[in-house]
Every structure is written in C-alpha cells, then in structure tokens.
Amino acid sequence: MNLAAKGVTAIGTGSLRAESGSYVDAKSWALNVGFAKEINNRQGKLLFGPLVEYGRGSYDSYLDNGTHGEGNSSYWGLGLMARQTNHDGLYYEGSLRGGKVKADYSGNVNTLNVNYDSSSNYIAAHLGLGKVSKISADDQLDCYVKYFYSRQSGDNVTMHAAGVPDEVYNFDSVSSHRLRLGTRLTHKLNKQSSLYGGVAYQYEFDGDARATYNGNSTPSPSVKGGSGMFELGWQVKPDASPLTLDLGLTAWAGKQRGLTGQLGMNWKF
C-alpha cells in the first residue's frame, strides 16, 4: 500500500446577493487550510485529512419597508474531509465541519438607531457523488451531484438603542439544505496546465430565519429557491514542482447572485 501526503490551501473572496423577500448584499473572504493523506487501494485512491477554516465579511440588509441594516461577521472552525476516486473515474466524497460564528448589527428599527452583537455555533457537512469520463485525448467531463447541509444555532441578543431600555430578541437556529447538480469540462493545454468550465443548478430547500420578541414572531425571511452557477478556471503545475495551483471564478444567478473567486494550492510531500 502506497502512501502520499498533501497540503491543501484555498483562499476565496466574493460579493453575493441573497434574495429573501427583501435582500442581503454580502462581501467576504475565506481561508481553508488542510493536511491530507493519499492511500492507494484496490479500487483507486483515498484522500482524507483534517482542515481548518476561517472567514470574515460585511453585509448590508434591505427590508421591503425601507429598513436598512449593516454589520460584520466572522467564523472559524475545524473539520474532516475524505474522497475516494476509483480507477473507472467514479468518486464519492464528504466533509464534516463545526465552529463558531460572530456577528454585529446596526440599523434603524421603528425610527430608532439600534445595534447588537451575536455569537453562535455552527455545524456543516456535505456529500458528493460523481464520475469523471475521458471524452478525448485532452478533454474530460465531470458529472456530479452534491448535497450540502449547515445549521447555525440560535442566540438571545440584547438590542441597544439610545434613550430607551434594552430589549431582548430571540433568534432561532437556521438550517440549510442544498442540492447541486452540475458538470465540468476540463481541457488539457499542455503537460503543465489545463482550462476548465462548468455549469450547475443548486436548489435551497430551507434557509428560513426566524426571531421572536416578547413571545411574538417577527417577519421570517427565506432564501428557499434555485440558483444557477457558471464557473471558469485555470490549473497549472510547474515542471518538477510539488505545487499545483487552481485559479477560478464563479458567477451565480437566481436566488443567489454575484461573483466569487478562488485560489487553490495543493502540494505533495
């Protein structure tokens, strides 16, 4: 049995709008760092290992009644990932992550300038199944289906406003269930580099955010619905180097709209 080790780093940034009856504009960046072992087996090869994730961002929220709020958020977490790739191109993968989210908010509610801070835990996971098929000497097609789950626990926040007593709002936990169907075509330019492009459709089955004040429910925004994804990227592995670079750009349309970019770095040692 042959063993190999890999280091994996991904840096991403983007600007997205989520439609929820009202809408939220978010700008963020994220960093994922992991260490993985690769094991050759009879079916193909298994890649698995731990990872650390961290991200920060800012957001602006706009309600139908004209209320505008803004704030900042950050998260950090730990996780595990695994992927089995068989000799025939079939692969299956999964990950499990958990950590903490912190956020602040300031805005105008009922003519009052208010603000609050929140902190809660999160858990996230994904499962994927796909197959990579060689369609020519320089081209391969990856068709896949992926399921994503996340849950952010609720929090009781104290809302502050000048000249009036503090008020406590109770935020329920928020769960997300997303299913993505997609395909990616990769074209080999030469021994060192490849270009890829892909399309996918993603549907959010949940994503309702609920809150209560004095036992009464506040309006509940939802991001339930479908989005289209379009990606372009370039992969390069310099000669005699253990490093592989992946530079990609993704555009979203539909319930989720905007652009994200990513730089991935893999190295063997």
Side-chain angles (χ1 to χ4, degrees), residues 1-14 16 26-41 43-57 73-86 90-103 119-130 132 142 144-153 173-180 182 184 196 198 200 202 229 231 233-237 241-250 252 260-269:
M1 181 171 62
N2 296 322
L3 295 176
K6 285 187 176 183
V8 182
T9 301
I11 303 171
T13 185
L16 294 172
K27 297 178 176 63
S28 62
W29 65 270
L31 173 66
N32 292 348
V33 179
F35 171 81
K37 280 192 174 182
E38 189 175 82
I39 301 176
N40 293 326
N41 50 41
Q43 292 76 29
K45 58 184 178 182
L46 173 66
L47 184 71
F48 65 95
L51 60 89
V52 179
E53 59 182 10
Y54 177 78
R56 294 187 66 88
S73 64
S74 65
Y75 70 89
W76 69 270
L78 303 174
L80 296 170
M81 58 77 65
R83 174 175 171 133
Q84 169 70 32
T85 303
N86 294 342
L90 181 70
Y91 65 87
Y92 35 96
E93 62 185 26
S95 67
L96 179 64
R97 312 182 315 279
K100 183 169 288 289
V101 180
K102 293 184 178 181
S119 178
S120 57
N121 298 322
Y122 75 88
I123 186 170
H126 100 279
L127 295 172
L129 174 67
V132 178
D142 179 4
Y144 61 85
V145 56
K146 296 182 180 181
Y147 167 74
F148 302 89
Y149 168 78
S150 64
R151 182 181 185 276
Q152 184 176 332
S153 61
S173 61
V174 179
S175 296
S176 171
H177 301 267
R178 290 169 289 149
L179 188 66
R180 185 185 301 173
R184 174 193 281 190
Y196 63 84
Q202 178 171 286
M229 186 193 84
E231 62 173 350
W234 176 55
Q235 296 173 333
V236 59
K237 185 181 186 305
S241 172
L243 179 67
T244 301
L245 299 176
D246 186 334
L247 182 63
L249 181 67
T250 302
W252 290 89
T260 61
Q262 177 174 299
L263 172 63
M265 295 175 284
N266 298 334
W267 62 96
K268 288 186 176 182
F269 52 89

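One is the number of the first residue; the rest follow in order along the sequence.
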Non-neighbouring partners of Ser120 that pass side-chain hydrogen bond (donor to acceptor under 3.5 Å, both in side chains), sequence neighbours left out: Gln152
Residues which pass ring pair (Phe, Tyr, Trp, His ring centres under 6.0 Å) with Tyr75, listed by chain and number, not counting sequence neighbours: none
Results of salt bridge (charged side-chain N to carboxylate O under 4.0 Å, His left out) for Arg56 - residues two or more places apart only: none
Interatomic spacing from OG1 in Thr250 to CD in Gln262 - rounded to 0.5 Å: 7.5 Å
Audit row: Leu129, Leu90, side-chain contact (heavy atoms from CB on, under 4.5 Å) steps and yes/no: CA-CA 8 Å; Leu129 174 67; Leu90 181 70; 3.9 Å; yes
Set of residues satisfying side-chain hydrogen bond (donor to acceptor under 3.5 Å, both in side chains) with respect to Asp246, sequence neighbours excluded: Tyr196, Gln235
Within residues 119-129 or reaching into it, pairs that qualify as salt bridge (charged side-chain N to carboxylate O under 4.0 Å, His left out) - sequence neighbours excluded: none
For Tyr92, all residues meeting ring pair (Phe, Tyr, Trp, His ring centres under 6.0 Å), sequence neighbours excluded: none
Close side-chain approach of Arg83 to Phe48, heavy-atom, < 4.5 Å: no
Between CG on residue Asn121 and OG on residue Ser173, distance to nearest 0.5 Å: 11.5 Å
Nearest-0.5 Å distance that lies between atom OH in Tyr147 and atom CG in Leu179: 9.0 Å
Arg178 and Tyr149: CA distance, side-chain angles, deciding distance, side-chain contact (heavy atoms from CB on, under 4.5 Å) verdict: CA-CA 7 Å; Arg178 290 169 289 149; Tyr149 168 78; over 6 Å; no
Side chain proximity check, Thr9 to Leu31, heavy atoms < 4.5 angstrom: yes
Test item: side-chain donor near acceptor, Asn40 and Lys45, under 3.5 Å: no
Sequence-distant partners of Arg151, salt bridge (charged side-chain N to carboxylate O under 4.0 Å, His left out), two or more places apart: none
Closest contact, heavy atoms only, Leu47 versus Ala36: CD1-CB, 3.7 Å
Closest non-hydrogen atom pair, Thr260 against Leu249: O-CD1, 3.3 Å
Residues in salt bridge (charged side-chain N to carboxylate O under 4.0 Å, His left out) contact with Glu231, at least two apart in sequence or another chain: Arg184
side-chain contact (heavy atoms from CB on, under 4.5 Å) evaluation trace for Glu53 with Trp76: CA-CA 5 Å; Glu53 59 182 10; Trp76 69 270; over 6 Å; no
Salt bridge (charged side-chain N to carboxylate O under 4.0 Å, His left out) partners of Arg180, counting only residues at least two apart: none
Listed once per pair and sorted, the salt bridge (charged side-chain N to carboxylate O under 4.0 Å, His left out) pairs that draw on residues 119-129, sequence neighbours left out: none
Exercise: do Gln84 and Asn86 side chains pair donor with acceptor under 3.5 Å: yes
Qualifying residues under ring pair (Phe, Tyr, Trp, His ring centres under 6.0 Å), relative to Trp29, sequence neighbours excluded: Tyr54
Separation between CH2 of Trp267 and OG1 of Thr244, rounded to the nearest 0.5 Å: 11.0 Å
Non-hydrogen atoms of Gly128 and His126 that approach each other most closely: N-CD2, 4.2 Å
Residues Leu51, Phe35; criterion side-chain contact (heavy atoms from CB on, under 4.5 Å); working and verdict: CA-CA 7 Å; Leu51 60 89; Phe35 171 81; over 6 Å; no
Ring-face cation of Lys146 near Tyr144 (centre distance under 6.0 Å, axis angle within 45°): yes
Distance, nearest 0.5 Å, that separates OG1 of Thr85 from CD of Gln43: 12.0 Å
Any residue meeting side-chain hydrogen bond (donor to acceptor under 3.5 Å, both in side chains) with Lys102, in chain and number order, not counting sequence neighbours: none
Straight-line distance of Ile123 CD1 to Leu96 CG, nearest 0.5 Å: 5.0 Å
